[in-house]
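Just so you know, residue 1 is the first one in the sequence shown, and it goes up from there. Quick caveat: nothing in here was measured; it's all calculated off a predicted structure.
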Amino acid sequence: MTETIASGRAGSAHVDDQPRPGRWLALAVLVLAVLLVGVDATVLGLATPFLSEDLRPSGTQLLWIGDIYSFVIAGLLVSMGSLGDRVGRKKLLLLGSVGFGAMSVLAAYATSPEMMIAARALQGVAGATLMPATLALIRNLFHDPRERSLAVGIWGAMASAGMAVGPVLGGFLLGHFWWGSVFLINLPVMALLVAVGAKVIPESRNPDPGPWDLPSVALVLVGIVGVVYAIKEAAVEGYRWDIAAVGAVGALALVVFVRRQLTLDSPLLNMKLFHHRGFSGAVLADLLTILGLSGLVFFLSQFLQMVQQRSPLNAGLVELPAAVGAVGAGLAAGWVARRLSVRIVVAGGLAVVGLALVGCTTLHGDTGTAAMCVILFVVGVGAGFSFTVTADVILSSVPKEEAGAASAVSETAYELGAALGIALLGTIVTSLYRGFSTPAGVPEPAAHAARESLGGAVEASGQLPADQAAALLKTAQDSFVGGIDVAAGVGAAVLLSASVAAWFLLRGQELANSLAATPAPAELTADGAPRA
């Protein structure tokens, strides 16, 4: 028996389940927000060297500039998803868009590291409203499962496109304008989203949401931020007692959060959603996929620019095939999953990504552009199939009144996966990189700076005689590539393990073919199976 057995009531669909006029135009507006979040996630990395030269942040401040956005957005996703279910997803999306644009201006004209950190933190608050709201609104705009699958595919394709366009667009802007321009590109997109979205996006909310539990908001914020912070800091600084203490406080807060949700009449997050095997399997697949991929994404730009000596624009173009593959696969994913099965598409997509990462274990400084593009295209195809179908499963597994909270769980899995992946794979790369022996004659201060990071090696080599500089840089690059090769192997193992897990957890899961076959998630039994 599949998990998409009709409830028996779907044949007499409510008038609210009829196709909404203007839904495709509303979708076009929604994906603008997704595109923007994707661009913003990758464009800052290219601007960091220019920003550092102007604002001169300390090493710690630079880490906070890079990390504070993800800390805040991870901690607030669940709360904002639930808030949208209560006050209205359209209202929250439009308010968040205005806030995101305003904070982009503040970041673009920041005059100190502290001002930049504050701007990025506030961008995180606004950004936490965008992704869950867009996916939840799709759940309420598209009631026909086939249309919804296509809409989710377009949503996922634009997210992938944004992350790939970010380096290309950022490379172009940094070649012609100052670093603040990478933030100001948000403004016209946000203005269009607010102006058109106010007219064409219908409002949706949970009709009987109950109160918004502020202690739960505080618990999930402390819990997620504490865990993510501890993981990221441990990757850089090692396992100190203070980092462990922060992680322990975060983990304890999450335990208390879960226990509290189980006792509330109107929980911030309905923990019974996890009783649905399809929902839990899709969330776990997303988390493990991002965990395995994040190391490659995190270090790829450094490899292309500091090892292969490519310009930011050229590096962005090399990464573009990943978006092309993801867009094409995302648009076809729903159609393919209905003709094969959910678990074949998800498990197969993850296996393809894992095998592509196996190919990354052979990367070296002379790896050609064509080989890089093929590997990244295959990664994009596998990820596009997997992410699109899991997003569809997550939306289909919950009542539409709880779509915001469910979407937020999916996005939180991405953030946690990224934090875990960067911590795990970053530790591997860093530890292997720092073990290289510096060439004879290199002064100890330059050798120490070179062992700190590949960027430090590039900077240190610029202050040495030509022969010593070339030898130091070559040794550092070889050590860095060796670390990436090992990290890619670990990432491949994680992805292949995720493929196996998806094969078992998504057994029997199907995407509905028509409105009459839409599942009734509220009628699940205690073990997560549908009632017959």
Open item on the list: Checking Ile224 against Phe257 for the side chain to side chain contact (heavy atoms under 4.5 Å, CB included) test, could you report, in this order, the C-alpha distance in whole Å, the side-chain angles of both residues, the deciding distance, and whether it holds?
Closed with: CA-CA 11 Å; Ile224 296 291; Phe257 170 79; over 6 Å; no
TODO: Indicate the atoms forming the closest heavy-atom contact of Ala128 with Met80, along with that distance.
DONE: O-CB, 3.5 Å
Task: Gap between atom SG of Cys360 and atom CD1 of Ile375 - 0.5 Å precision - done: 4.5 Å
Open item on the list: Quick check for you: to the nearest 0.5 Å, what is the distance between Asp485 atom CG and Leu357 atom CG?
Closed with: 11.5 Å
Task: Interatomic distance, His364 atom NE2 to Asp478 atom CG [nearest 0.5 angstrom] - done: 11.0 Å
Open item on the list: Given Phe377, which partner from the list Val379, Val381, Val374 fulfils the side-chain contact (heavy atoms from CB on, under 4.5 Å) test?
Closed with: Val381
Task: Heavy-atom pair of closest approach, residues Phe100 and Ala126 - done: N-CB, 3.5 Å
- [ ] For the residue pair Val389 and Val336, establish whether any side-chain heavy-atom pair is separated by less than 4.5 Å.
- [x] no
Open item on the list: How close do Trp503 and Arg343 get, counting heavy atoms only, and between which atoms?
Closed with: O-NH1, 2.9 Å
Task: Rounded distance [0.5 Å steps], CG in Leu304 versus OG1 in Thr369 - done: 9.0 Å
TODO: Report yes if some heavy atom in the side chain of Val72 is under 4.5 Å from a heavy atom in the side chain of Val225; otherwise report no.
DONE: no
- [ ] Would you indicate whether the side-chain heavy atoms of Ser386 and Val353 approach each other to under 4.5 Å?
- [x] no
TODO: Measure the spacing between CG of Leu150 and CG of Leu331 and express it to the nearest 0.5 Å.
DONE: 6.5 Å
Task: Nearest non-hydrogen partners of Leu505 and Leu284, listed with the distance - done: CD1-CD2, 3.6 Å
Open item on the list: Would the distance check show the side chain of Gln308 and the main-chain N or O of Thr367 forming a donor-acceptor pair, the cut-off being under 3.5 Å?
Closed with: yes
TODO: Over all heavy atoms of both residues, which pair between Val358 and Ala492 is shortest? Give the atoms and the distance, please.
DONE: CG2-CB, 3.7 Å
Task: Gln261 CD to Leu219 CG distance, which is reported to the nearest 0.5 Å - done: 8.0 Å
Open item on the list: Taking Ala493's backbone N and O only, do any of them form a donor-acceptor pair with Ser497's side chain (distance below 3.5 Å, no angle check)?
Closed with: yes
Task: Non-hydrogen atoms of Leu288 and Ala498 that approach each other most closely - done: CB-CB, 3.6 Å
